[in-house]
Amino acid sequence: MTTPPPPERRWPARLRSLGIHLLLLLALIAALDWYRAPDARAVAATRLATTQDAPVDFQAQRQPTVLYVWAEWCGYCRHTSPAIERLHRSGHRVVSVAMQSGNDAQVHATMRRHGLTFPVVNDPDGAISQALGVGVTPTIAIVSDGRMRLATSGWTSEYGLRLRLWLAR
C-alpha cells in the first residue's frame, strides 16, 4: 500500500491544476468574445444619432468610446447597465444602442426607472444592431480612432470595462 505524499508536496500540483483550469476558462471566454464580436468595419463606419439628435461618428472620436448594445428585456443588461452608467458619470464617453426595446418614450422611461443617463440610440426593430453584427445582449465594444479595439458580450464588471478602456488607449 502506498502512502499519500505529505501535504506540502500536494500544493504545487493543486496550484498547477488550478492555473491550467483558469487558463482554459480564459481561453474559452476569449473565443466566445471573438465569435460574438460585432463587425469591426461596420462599427467604425456607422454614423448614428441619439434620441436627443446628437450625432455619433466613431471616425471622429479620438477618446476611447464605449459602444453598449443593450435591451430592456435583457436580464444581464440589468446588471451591466449600472457599471456603464458609472463609467459615463466618471467622464468616459459612452454611446448605447437600445435594441428592440420600444419607441423613444418607452426607452427613456426604462432609463429613468433605472437611473441611466448615458446617450442612447433607439433601435426599435433591431436593424442597427443587425447592421453592426450584434446578436447578443449585452454587447460592449471599445472604439478608438475609428477602430473597434476590443469587444465582449454578456455580463462584465466595471473593473473589466475600465481595464478594457485602459488597454484601448
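Being a predicted model, the structure only gives us computed values, none of them experimental.
Across M148 and P38, no two heavy atoms sit closer than the pair CE-O, 3.4 Å. In plain terms, the two heavy atoms of E72 and R78 that are nearest each other are O-NH2, 3.2 Å.
The hydrophobic cluster of L15 has no other members, since no ILVMFWY side-chain heavy atom comes under 4.5 Å of it. Other members of the cluster containing Y76 are W155, with ILVMFWY side chains joined at under 4.5 Å, either directly or via other members. L116 belongs to a hydrophobic cluster whose other members, connected by ILVMFWY side-chain contacts under 4.5 Å either directly or through intermediates, are V66, Y68, W70, I84, L87, V94, V107, M111, F118, V120, I140, I142, L150, L161, L163, L165, W166, L167.
Under the side chain to side chain contact (heavy atoms under 4.5 Å, CB included) criterion, Q100 pairs with W73, sequence neighbours left out. Legend: residues meeting side chain to side chain donor-acceptor pair (under 3.5 Å) with R113, ordered by chain and number and at least two apart, are T110. For R112, there are no salt bridge (charged side-chain N to carboxylate O under 4.0 Å, His left out) partners at least two apart in sequence or on another chain. By the side chain to side chain contact (heavy atoms under 4.5 Å, CB included) test, I20 is found to be paired with R16, L24, residues two or more places apart in sequence or in another chain being considered. For R169, the side chain to side chain contact (heavy atoms under 4.5 Å, CB included) criterion is met by P64, H92, not counting sequence neighbours. Applying the side chain to side chain donor-acceptor pair (under 3.5 Å) criterion to S153, with sequence neighbours excluded, gives R36.
One finds the NE2 atom of H114 at 10.5 Å from the SG atom of C77 (value rounded to the nearest 0.5 Å). Taking CG of L18 as the start and CG of L23 as the end, the distance is 9.5 Å to the nearest 0.5 Å. How far OG of S101 is from NE2 of H108: 12.0 Å, rounded to the nearest 0.5 Å. Rounded to the nearest 0.5 angstrom, N122 CG and S96 OG are separated by 9.5 Å.
A donor-acceptor pair under 3.5 Å is absent between the side-chain atoms of R162 and the main chain of E158, judged by distance alone.
Sorted by first then second residue, the salt bridge (charged side-chain N to carboxylate O under 4.0 Å, His left out) pairs that include residues 132-146, not counting sequence neighbours, are R62-D145, D145-R149. For residues 87-111, every residue pair satisfying the salt bridge (charged side-chain N to carboxylate O under 4.0 Å, His left out) rule, not counting sequence neighbours, is listed here: E85-R89.
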Could you tabulate the donor-acceptor pairs under 3.5 Å formed by side-chain atoms of residues 124-136, not counting sequence neighbours?
residue, atom, partner, partner atom, Å
D125, OD1, A127, N, 3.1
S129, OG, D123, OD2, 2.6

